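Everything numeric here is computed off the predicted structure, so don't read it as measured data.
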Amino acid sequence: MAYKRVAQLRTADDFREYNAALGIDLPFDEAVDVSALAQPISVYGWEIGNRFCILPMEGWDAAPDGHVTDLVKRRWQHFGQSGAKLIWGGEAVAVRHDGRANPNQLVIREETLDDLRELRALLVSEHAARYTRTDDLLIGLQLTHSGRFSRPNEKKKPEPRIAYHHPILDRRLGIQGDDNLFTDEALYELIQDFIKAAVLAQAAGFDFVDVKHCHGYLGHELLTAVDRPGDFGGSFENRTRFLRLITAGIRQHAPGLHIGVRLSAFDLLPYKPGEDRIGVPEAVNGGYPYAFGGDGSGAGIDLTETKAFLRLLEALDIRLVCLTAGSPYYNPHIQRPALFPPSDGYQPPEDPLVGVARQINAAAQLKRDFPHLVLVGTGYSYLQDWLPNVASYAVRTGMVDSVGLGRMVLSYPELPADVLAGVPLQRKRICRTFSDCTTAPRNGMVSGCYPLDPFYKARDEYHQLSELKHDA
């Protein structure tokens, strides 16, 4: 069947019937329960003021030396304007230069500490100007090493650092030999860099740090290092050693700083363009053990190890968990459902609403099993006009604690505030997942919402992007 655009589903019956035709379970409230979304969340003795969360996104517009620019400041001001009370990481910040996903990603070190202080202050100031209260804001900083997907010096030059040799991804990146492989000694050194970064984040005023374990970056890759020898591979205990040692170091050197984890709860095989550029899974001989939360085939989900990981987080008193799935690099339709893929991607092999339902229902299953964790759900932006209705149902019925928004905030940062005020959505600002915010940086331009944000539409990159898409 042809995929319908969400904007075409104008009535509750339209949305319900289309979901039924897709064979998915995506329940929603016909009338948004604003009171449910406005309820506070208690965690670590803190009261988070509502059920909206701003997700960490990868920035492509910092200075080459890791300092902030006016574009970064503008984005953080929008985070403050959003009305969301949980700011999960702001954006991904590399703990050292070789872990940057692009040469314009923020880096945390002594020299950039004042910049990070300023970003946090800008966010809080914008929030205070619109919503008065700021004592119910919880603001974190996502700490990352991009591992296999590092490009610290040139936008088109991969400089991967890997946890193990992957039969598909090594080939895609041209990796041969062990020059790119982290040794155990190098991982122990990197752990210290994460701890130092956490100390700096606390000095900059952040309430928590996210030790990133998602999307194929290093922390996530280590969870799948099933055939790596040594201290960081093989057993579940070894594959989680990275997190456990970072956590212990933060507890020792930054007491009082809270810890969260953004986790790819499940993963599937890497995909590639097939016939008519529709995505197809890569072929593998035998099983596929490299999908955390997978069933071993590469095509199905098994949350057994995911649940073991969440039990570990409980034991470590890490109660903030942001759930996502897959990777934007090798199966973006799993991670970030969109009808229009980025220029270097593939056409979706399923209706994106199927991917949304997959993420929402996995989060609901984990919430049932871990009621004492604060779980943030993702995948909501593709719901577009129906985002508030699905979010309302999910929070009201206990499927998830907080609703995470990423790319939607680029086009329509005040969406949480509008929903909480009970006013109709501004339809012309709703993200329609055109993926220009990904296509632009993958072609050397800054990231932003070129179709819907007048600020980016007025930039020279808008015309470059239009020509690039036309030529494609």
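The pair Arg442-Asp436 does not meet the salt-bridge criterion, since no charged nitrogen lies less than 4.0 angstrom from a carboxylate oxygen. Here Glu350 pairs with Arg358 in a salt bridge; the nearest charged N to carboxylate O distance falls below 4.0 Å. A salt bridge does not link Arg239 to Asp231: none of the charged nitrogens lies less than 4.0 Å from a carboxylate oxygen.
Crowding of Lys4 atom NZ: a count of heavy atoms from other residues, nucleotides or ligands under 6.0 Å not exceeding 12. Counted within 6.0 Å of CZ on Arg5, heavy atoms from surrounding residues, nucleotides or ligands total 12 or fewer; the atom is thus considered open.
Side-chain contact, Asp267 with Tyr330: a donor N or O sits under 3.5 Å from an acceptor N or O. Side-chain contact, Asp193 with His145: no donor N or O sits under 3.5 Å from an acceptor N or O. Remark: the Arg432 side chain and the Gln384 side chain contain an N/O donor-acceptor pair separated by less than 3.5 Å.
Between Leu122 and Gln77, the shortest heavy-atom contact is CD2-NE2, 3.8 Å.
Put simply, the side chain of Ser42 does not reach to within 4.5 Å of the side chain of Pro40, judged on heavy atoms.
Ring-centre distance between Tyr164 and Tyr290: below the 6.0 Å cut-off.
Side-chain atoms of Asp33 come within 3.5 Å of backbone N or O of Ala36 as a donor-acceptor pair.
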